Amino acid sequence: AMRYRKSFGFYTEERLLESIIFYASLFGMFSGVFIARYRPQLVLATPVVCYCLAYYLHLTFRPNSPVQHPEQLYRERRLLLLVALSFVACAVLLFVDVPGFDTFFSPWGS
């Protein structure tokens with residue numbers, strides 16, 4: 001792989017795993033900021049989104065992982081179902097007001 005692209009010589013399994021954790025943490029932090037600032041109801045979708053991310057990570061550890069060939073991911077029915085469920089949950093929660101969420105997440109005394 002290093003002959004194909006010089007930067008591939010930099011990557012090891014440990015560095016790739018570290019970058020996965022870093023980017024997942026960054027995604028979580030920025031998602032939390034967005035949710036807190038704009039739409040607290042999206043907190044209800046986080047378990048589905050997190051399970052979707054965890055299942056994708058699970059797929060990476062399979063022998064001949066479909067993640068190595070992203071053009072084949074459409075064959076992973078469970079992943080597609082989780083992505084669709086995450087999308088629907090987020091889309092619905094963006095437009096539906098859940099009673100009590102705004103007051104529950106507002107700072108005390110305001």
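Predicted, not measured: the structure shown is a model, and the values here were computed from it.
The backbone N or O of Phe27 sits less than 3.5 Å from a side-chain atom of Ser31, completing a donor-acceptor pair. A donor-acceptor pair under 3.5 Å is absent between the side-chain atoms of Ser65 and the main chain of Arg62, judged by distance alone.
The heavy-atom pair separating Val48 from Ser86 by the smallest distance is CG1-OG, 3.4 Å.
The only member of Gln72, Glu76, Arg77 that meets side chain to side chain contact (heavy atoms under 4.5 Å, CB included) when paired with Tyr74 is Gln72.
Residues Leu57 and Ile21 fall into different hydrophobic clusters, defined by Ile, Leu, Val, Met, Phe, Trp and Tyr side chains chained together at heavy-atom separations under 4.5 Å. By the criterion of side-chain heavy atoms lying less than 4.5 angstrom apart, applied directly or through intervening Ile, Leu, Val, Met, Phe, Trp or Tyr residues, Leu53 is not grouped with Leu79; the two fall into different hydrophobic clusters. Both Leu93 and Tyr38 are part of a single hydrophobic cluster, where members link through side-chain heavy atoms under 4.5 Å apart. Using a 4.5 Å cut-off between side-chain heavy atoms of Ile, Leu, Val, Met, Phe, Trp and Tyr, with links allowed through other members, Phe95 and Leu44 fall into the same hydrophobic cluster. Hydrophobic cluster membership is shared by Ile35 and Val98, with clusters built from Ile, Leu, Val, Met, Phe, Trp and Tyr side chains linked at under 4.5 angstrom.
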What verdict does the side-chain contact (heavy atoms from CB on, under 4.5 Å) test give for Tyr56 and Val83, after you've listed the backbone C-alpha separation in whole Å, the side-chain angles of each residue and the deciding distance to 0.1 Å?
CA-CA 10 Å; Tyr56 184 81; Val83 169; over 6 Å; no
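Within the 4.5 Å cutoff, no side-chain heavy atoms of Val96 are placed close to those of Gln41.
Taking CD1 from Ile20 and OG1 from Thr60, the interatomic distance works out to 5.5 Å, rounded to the nearest 0.5 Å. Leu80 CG to Arg78 CZ: the interatomic distance, rounded to the nearest 0.5 Å, is 12.5 Å.
Heavy atoms of other residues, nucleotides or ligands lying less than 6.0 angstrom from CD of Glu71 number more than 12.
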